[in-house]
Amino acid sequence: MGVTKADVEAALTSTFNPSHLEVIDTSGGCGASFEVEVVSEKFEGKRLLERHRMVNSALAELMQSIHALSIKKALAPSQLPPPAEPAAA
């Protein structure tokens, strides 16, 4: 069997201890293609390319079986937009 969503989540969680993590299997269940969003303090002060390299490095063993990885977000908490204020009634 290929890589599972749980495999990707476990690898990213153990490396980054993220405050937000979303992994979507876009392969239809065969584990060959994933989209990820990860927010972690370990990305503070890092440029985009370095953050993406960190994600790829965290998944290095799994990448042998993954055909496609789309990193939708790899952000530090300080890079998140402020929460929207509720509309006044």
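The figures here come from the full heavy-atom set of this structure, side chains too, leaving out hydrogens, waters and symmetry mates.
At distances below 3.5 Å, at least one donor-acceptor pair connects side-chain atoms of Ser14 with backbone N or O atoms of Ala10. No donor-acceptor pair closer than 3.5 Å links the side chain of Asn56 to the backbone N or O of Arg53. Although no hydrogens or angles enter the test, the distance criterion places no donor-acceptor pair under 3.5 Å between the side chain of Ser65 and the main chain of Gly2. Proximity of a side-chain donor or acceptor of Arg51 to a complementary backbone N or O of Phe43 within less than 3.5 Å is not detected. Proximity of a side-chain donor or acceptor of Gln79 to a complementary backbone N or O of Ala76 within less than 3.5 Å is detected. Formation of a donor-acceptor pair under 3.5 Å by the Thr15 side chain with backbone atoms of Ala58 is not found in this model.
With hydrophobic clusters built from ILVMFWY side chains whose heavy atoms lie under 4.5 angstrom apart, Leu75 does not share a cluster with Val36. Leu21 and Val39 fall into different hydrophobic clusters, where Ile, Leu, Val, Met, Phe, Trp and Tyr are joined by side-chain heavy atoms under 4.5 Å apart, directly or via other members. Connection of Met54 to Met63 is established within a shared hydrophobic cluster, with ILVMFWY side chains joined at heavy-atom distances below 4.5 Å, either directly or through further cluster members.
Residues Leu69 and Ile66 share a closest heavy-atom pair of N-CG2, 4.4 Å. Closest approach of Lys5 to Val23, counting heavy atoms only: CE-O, 3.0 Å. Summarising the geometry of Leu12 relative to Val55, their closest heavy-atom pair is CD2-CG1, 4.1 Å, with the distance given to 0.1 Å.
Rounding to the nearest 0.5 Å gives a distance of 8.0 Å between CD of Glu9 and OG1 of Thr4.
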> Given Phe34 and Leu59, is the side chain to side chain contact (heavy atoms under 4.5 Å, CB included) satisfied, shown in steps?
Replying inline: CA-CA 11 Å; Phe34 294 91; Leu59 298 175; over 6 Å; no
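Counted within 6.0 Å of NZ on Lys73, heavy atoms from surrounding residues, nucleotides or ligands total 12 or fewer; the atom is thus considered open. Counting heavy-atom neighbours within 6.0 Å of His67 NE2, excluding the residue itself, gives a total of 12 or less.
Between His20 and Pro77 there is no side-chain heavy-atom pair separated by less than 4.5 Å.
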